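A quick write-up on the structure given underneath.
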Amino acid sequence: MFFERALIFLTILSVAFGQTDDEESFLFVTKQTINRFLVQNKEFTIKYGLYNSGPTTVYNVHLDDAHSFPIDQYELLVGTLSAKWERLNAGANLTHIVVLKPKQSGISNSTCAIVTYQKSEKNTDVQKTYSSEFGDVYIMTSREYDRRFSSHIIDWVLFTAMASPCIVFPFFLWFKSKSKYEALVTKEKSSKKAQ
Amino acid sequence: MSNQRSTSRDEDLLLQDFSRNVTTKSRALFSGNAAVVSAIPLWLFWRIHQMDFSSYFIHFILGTIVSTYFLNLAYQNMKFILKHKIAQKREEAVNREISKIFASDKSANKKDKDDRVLTRKNEVADFEATTFSIFYNNTFYLVCLLVLSFFVLKNFSPTVNYLFSVALSTAMVFLFSTGQK
C-alpha cells in the first residue's frame, strides 16, 4: 500500500517536472524584406519579427545580423543590425526595422539573423535561435530599374514632337495639292449640272 | 528639224515619266527624310531602353545606315507606283487648269497646250507621289518600330530589341513598297 502510494506520488512529481521543461519559452524569429524589388543605390527595408511562444518571459534578447549585410556591400541608413531588448513577455510580439542601401548589383545571399536570449533572469545560460531567411536575392542596377518602371512621359512627349513634322508636313503638302485638284474637278462638274 | 526636236522632247518626257530614276533634288529629299526618320527613334532607345551612346554607338550607326538605305529605296518604289495612278486621276483637273490659263492666250496652239498639260500633269503627279510616299512610309516605319520595340520585343535585352525592331520594321516597309501594284 505504502509502496503503491509512493510510486503514484513519484509519477505525479516527474510529470510535474516534465511539464515545466515543456513550458519553456521559445522565440520564433522572422526576417523579411518588405520591398518587391531590390535596386542598387535605392533603399530597402528589412523587418525582423520576434514572437515569444511560451508561457514565460525571456530576458536579454539580443539580435545580431551584421554578418548578413557587410559594410562594404550595404550602407546602413536607419536602425541597427545589432539590437538588444531587456525582456520579451510571454505571448508578446516584437518588431525591429532596418533600412539599408545596396552598393552593388547582382545576386546577394542573405543568411539568417542570430538571436540569443536567457530563459530566466537568474539563469545566465544563453539560448541561441536563428531567424527565417529570404535566400538569394537579385539586386538590379538602377538603369534596369528605370528601364522597367519609370514613366518616361516627357521622353514620349519629346519623341512625338520630333516625329510629328516628318509625318504631318508631307501629309499636309499632299493633302493641299489633292484638295486643290479635286476641287477643280468637282467645281466644274457642279457648274455643268447647274447649267 | 523642229519636228525632230519636238519628237525628242516628247521622248524625253515619256522617258522621264516611265523611268524609275529620280532627280537630284528628289534624291536629296528622300535621303534627308530617311536619315532623319531613322535617327529619331534613337532618342527612345537612349532614354527609355537606357542604351547609352558610348556603349552602343556601333549598333546605332549600323542600324541607322541600314534603315536609311532601305527607307530611301522604299520611298522611290512607292513614288514610282503612285505617280502613274495619280497622273491618271489628275489628268482632267490639270486639263481644266491649263485651259483656264490658255483661254486668254489666243496665239497658243493645241500642241503647246498638250505639252503644257503633260508637263504640268507630270509635275503634280511627281509632287503628290513624293509627298504621299514620304508620309506613308514614315508612318508605317515608325508605327512598326514602336509596336515591335515596346510590345513584341519588350522583355528582350536592349541590343536584341534595337537590332530586331529596326531590321524587321525596315524590312516590312521595304517589302510592302515593292509588293504594291
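Predicted, not measured: the structure shown is a model, and the values here were computed from it. Each chain gets a letter, A, B and so on, in the order the sequences are listed, and its residues count up from 1.
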| task | Report, as yes or no, whether the 6.0 Å neighbourhood of atom OH on A:Tyr145 holds more than 12 heavy atoms from other residues, nucleotides or ligands. | result | no
| task | Look at atom OH of B:Tyr69 and say whether more than 12 heavy atoms of other residues, nucleotides or ligands are closer to it than 6.0 Å. | result | no
| message | Around atom CZ of B:Phe156, are there more than 12 heavy atoms from other residues, nucleotides or ligands closer than 6.0 Å? | response | no
| query | Taking A:Pro170 as the fixed residue, which of B:Asn137, B:Ile134, B:Thr139 is the one that meets the side-chain contact (heavy atoms from CB on, under 4.5 Å) rule? | reply | B:Ile134
| With only heavy atoms counted, which part of B:Leu42 is less than 4.5 Å from chain A, the side chain, the backbone, both or neither? | neither
| Relative to chain A, which segment of B:Leu142 carries a heavy atom at a distance below 4.5 Å: side chain, backbone, both, or neither? | side chain
| query | Where do B:Ile40 and A:Cys166 come nearest, in terms of heavy atoms and distance? | reply | CD1-SG, 3.7 Å
| task | Could you check A:Leu173 against B:Phe135 for side-chain contact (heavy atoms from CB on, under 4.5 Å), going step by step and ending with a plain yes or no? | result | CA-CA 10 Å; A:Leu173 289 173; B:Phe135 155 70; over 6 Å; no
| query | Do A:Trp156 and B:Tyr162 sit in the same hydrophobic cluster, where Ile, Leu, Val, Met, Phe, Trp and Tyr count as joined when their side-chain heavy atoms come under 4.5 Å apart? | reply | yes
| Close side-chain approach of A:Tyr181 and B:Glu128, heavy atoms under 4.5 Å | yes
| remark: Looking only at B:Thr130, B:Ile48, B:Leu44, B:Thr131, most heavy-atom pairs under 4.5 Å shared with chain A are made by B:Ile48
| field | ILVMFWY cluster, B:Leu71 and B:Phe164 together (side-chain gap under 4.5 Å) | value | no
| message | Would you say that more than 12 heavy atoms from the other residues, nucleotides or ligands in this model lie under 6.0 Å from the CZ of B:Phe57, or not? | response | no
| Is it the case that more than 12 heavy atoms not belonging to A:Lys103 sit under 6.0 Å from its NZ atom? | yes
| query | Does A:Tyr59 OH have over 12 foreign heavy atoms under 6.0 Å away? | reply | yes
| message | One pair to check against side-chain contact (heavy atoms from CB on, under 4.5 Å): A:Leu158 and B:Arg47. What are the steps and the verdict? | response | CA-CA 11 Å; A:Leu158 287 171; B:Arg47 297 290 295 190; over 6 Å; no
| query | Can you say whether A:Lys176 sits under 4.5 Å from chain B via the side chain, the backbone, both, or neither, judging by heavy atoms? | reply | neither
| Is it the case that more than 12 heavy atoms not belonging to A:Phe172 sit under 6.0 Å from its CZ atom? | no
| field | Note, B:Asn138 side chain near A:Phe169 side chain (heavy atom, < 4.5 Å) | value | no
| task | Kindly work out whether a path of hydrophobic side-chain contacts (I/L/V/M/F/W/Y, heavy atoms less than 4.5 Å apart) joins A:Tyr117 to A:Val29. | result | yes
| note | Honestly, the part of B:Lys154 sitting under 4.5 Å from a heavy atom of chain A is backbone
| task | Taking the six-membered ring for Trp and the single ring otherwise, decide whether the centroids of B:Tyr136 and A:Trp174 are under 6.0 Å apart. | result | no
| field | Engaged part of B:Asn155 at the chain A interface, taking heavy atoms whose separation is under 4.5 Å | value | neither
| request: Quick one: closest heavy-atom pair of B:Trp43 and A:Asp155, and the distance? | output: NE1-O, 3.1 Å
| query | Got a second to check how far B:Glu92's CD is from A:Glu182's CD, nearest 0.5 Å? | reply | 11.5 Å
| Crowded around B:Phe53 CZ? As in, over 12 foreign heavy atoms under 6.0 Å? | yes
| query | Heavy-atom distance under 4.5 Å to chain A: side chain of B:Tyr141, backbone, both or neither? | reply | neither
| field | Euclidean distance, A:Leu184 CG relative to B:Arg90 CZ, rounded to 0.5 Å | value | 10.0 Å
| request: Look up atom CD in B:Gln50 and atom NE2 in A:His152, then write down how far apart they are to the nearest 0.5 Å. | output: 6.0 Å
